[in-house]
Amino acid sequence: MYRAACTPHFDTPAAWAEILGPYPAVQSLEADATADVTVIGAGFAGLSAAWRLHQLDPTLDIIVLDAQRIAEGSAGRNSGFMIDLPHDLASDDYAGSGDDRALTALNRGAIRFARDAVEALEIDAAYADPAGKVNGAASAAGDAHNQSYARHLAGLGEAFEMLDARAMRELTGSAYYTSGLYTPGTMILQPAGYVRGLAAGLRRNGVRVLERTPVRAFDRAGDGWQITTPGGRISTNRIILANNGHLESFGVAKGRLMQLFLYASMTPELSADQIKALGGAPRWGVTPADPMGTTMRRIDTAQGATGSSRAPVRRCDRGCARRRGMWPGRRPPNKESLTRVFRSLLGCRWHMPGPATCA
């Protein structure tokens with residue numbers, strides 16, 4: 001038997017989900033059920049797997065389970081970039097060490113899948129914007145990283161555009177960046193909006209997506225499986241585990257996964273005076289020229305139901321790895337360091353959420 005040692009728990013709300021407004025009415029498992037396939041985990045992977053299975057065989061009876069609300073977990077706590085080009089965080093300039101053309105083809109296949117899902121499942125197009133992204137540099141070292149990455153992209157025959165400090169200010173409204181490298185193939189998501197849209201579209205197509213239904217255990221039962229939850233048992237022919245780092249909670253891949261905590265924050269809604277003072281484009285995404293630097297985005301009214309612009313930031317210093325000693329001599333990002341980033345870019349107040357724990 002595979003028995004859960006814990007279930008995911010967050011001490012703070014998921015900002016991307018919060019700005020969409022109230023959650024839809026919860027749908028949980030309240031009685032025993034049967035299914036052809038049961039997916040454990042209703043994030044990007046789990047919901048995408050369910051949609052692909054439905055595409056391949058619309059007659060399949062599919063259940064998707066999640067311990068939390070849709071987009072309350074990791075799917076609502078990320079930067080929202082679907083990046084097509086090599087994005088190797090272990091390198092100095094994102095250039096991969098393997099077959100970058102093959103990896104890029106896979107990434108673009110995933111982006112096409114997401115784009116097609118937006119159309120087929122009637123997801124708000126603003127939640128999946130094919131706007132591209134910019135690698136922003138704020139120092140000579142960052143600019144050197146961009147120059148190196150540009151040479152790598154040129155060798156792959158990929159399109160890019162180098163931006164100077166003036167172009168970066170016109171885009172972001174900030175004098176913080178000294179240069180940038182724009183690539184057109186990235187899709188920028190409102191992650192919670194996109195994931196909620198996937199779940200809603202699946203439900204309209206007959207897939208049961210059940211929230212607040214944590215899996216306590218699953219075990220073989222004849223030719224199939226039996227899943228135990230607080231609300232009932234599910235008899236299913238197949239199980240797909242799409243619960244990210246909580247695989248280890250069930251004893252799967254034990255000792256083979258490394259948890260990473262990324263620290264992110266989002267400004268309050270920007271007032272009309274702040275928007276005017278900031279300037280720049282209403283919607284953009286900047287990843288750092290240094291792969292372990294700070295990611296910034298600005299979103300507009302179409303990407304949040306609260307009716308105003310915001311600026312989310314994600315910081316991943318070389319201390320963000322959960323495994324101690326991976327980056328000697330560096331400490332994890334803290335409230336003070338994030339405050340300095342915000343003040344240098346926007347001068348806005350902000351709130352720092354905490355990482356996931358087990359309950």
Side-chain angles (χ1 to χ4, degrees), residues 1-11 14 17 28-29 33 35-53 62-79 82 87-90 103 106-107 110 113 191-192 194-195 198-199 202 207-221 224-264 316 320-324 326 353-359:
M1 174 177 287
Y2 298 86
R3 188 179 300 277
C6 64
T7 56
H9 169 75
F10 291 87
D11 294 328
S28 302
L29 184 67
D36 294 317
V37 181
T38 300
V39 182
I40 300 175
F44 290 104
L47 294 172
S48 296
W51 175 234
R52 184 57 179 153
L53 286 171
I62 303 169
I63 293 177
V64 184
L65 304 175
D66 202 279
Q68 300 172 304
R69 300 303 308 273
I70 300 300
E72 186 182 8
S74 298
R77 301 170 188 265
N78 60 84
S79 299
M82 293 188 74
H87 197 72
D88 185 354
L89 297 180
L103 181 59
L106 288 172
N107 291 341
F113 179 86
Y194 173 75
V195 169
L198 278 178
L202 285 168
V207 175
R208 287 173 284 175
V209 181
L210 304 174
E211 308 164 90
R212 289 185 177 165
T213 305
V215 174
R216 290 177 172 171
F218 58 90
D219 198 9
R220 277 287 186 185
W225 297 84
Q226 184 174 88
I227 298 171
T228 303
T229 80
R233 291 183 172 87
I234 300 173
S235 298
T236 185
N237 295 333
R238 297 286 187 272
I239 293 176
I240 295 177
L241 292 177
N243 54 339
N244 210 342
H246 280 277
L247 283 170
E248 283 191 308
S249 173
F250 291 106
V252 177
K254 199 168 182 65
R256 297 174 59 190
L257 302 176
M258 184 177 70
Q259 306 285 336
L260 295 179
F261 293 127
L262 307 184
Y263 295 81
C316 182
C320 72
R322 183 65 169 169
R323 184 174 295 169
R324 294 184 179 274
M326 171 165 282
T357 58
C358 283

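Hydrogens, waters and symmetry mates are skipped; everything else that's a heavy atom, side chains included, is used. Along the sequence shown, residues are numbered consecutively beginning with 1.
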Does some side-chain heavy atom of [Y] sit less than 4.5 Å from a side-chain heavy atom of [X]?
X	Y	result
I234	L65	yes
I227	I63	no
T228	R233	yes
I240	L53	yes

What is the minimum heavy-atom distance between [X] and [Y], and which atoms define it?
X	Y	result
A17	A71	CB-O, 3.8 Å
V195	A75	CG2-CB, 3.8 Å
V209	L47	CG1-CD2, 4.2 Å
A4	V215	CB-O, 3.5 Å
N78	P191	OD1-CG, 3.5 Å
L257	G245	CD1-O, 4.1 Å

| said: Among residues at least two apart in sequence or on other chains, which ones pass ring-ring contact (aromatic ring centres under 6.0 Å, His included) with Y2? | reply: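 Once residues adjacent in sequence are excluded, the partners of Y2 under the ring-ring contact (aromatic ring centres under 6.0 Å, His included) criterion are F218.
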| Residue pairs, two or more places apart or on separate chains, that pass salt bridge (Lys or Arg N to Asp or Glu O under 4.0 Å) and touch residues 63-75 |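 As it turns out, the salt bridge (Lys or Arg N to Asp or Glu O under 4.0 Å) pairs with a partner in residues 63-75, which skip direct neighbours, are R69-E211.
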Quick one: does [X]'s side chain have a donor or acceptor within less than 3.5 Å of a partner on [Y]'s backbone?
X	Y	answer
T213	L29	yes
S249	C6	yes
S74	R77	no

| message | Among residues at least two apart in sequence or on other chains, which ones pass salt bridge (charged side-chain N to carboxylate O under 4.0 Å, His left out) with R212? | response |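 Per chain and number, R212 pairs via salt bridge (charged side-chain N to carboxylate O under 4.0 Å, His left out) with no residue.
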Rounded to the nearest 0.5 Å, what's the gap from [atom1] on [X] to [atom2] on [Y]? Could you check?
X	Y	atom1	atom2	result
T38	R238	OG1	CZ	11.5 Å
L241	H246	CG	NE2	13.0 Å
N244	I40	CG	CD1	14.0 Å

| T229/L210 under side-chain contact (heavy atoms from CB on, under 4.5 Å): CA gap, chis, key distance, verdict | CA-CA 11 Å; T229 80; L210 304 174; over 6 Å; no
| task | Take W225 and R220 through the test side-chain contact (heavy atoms from CB on, under 4.5 Å) and record every step on the way to the result. | result | CA-CA 4 Å; W225 297 84; R220 277 287 186 185; 3.4 Å; yes
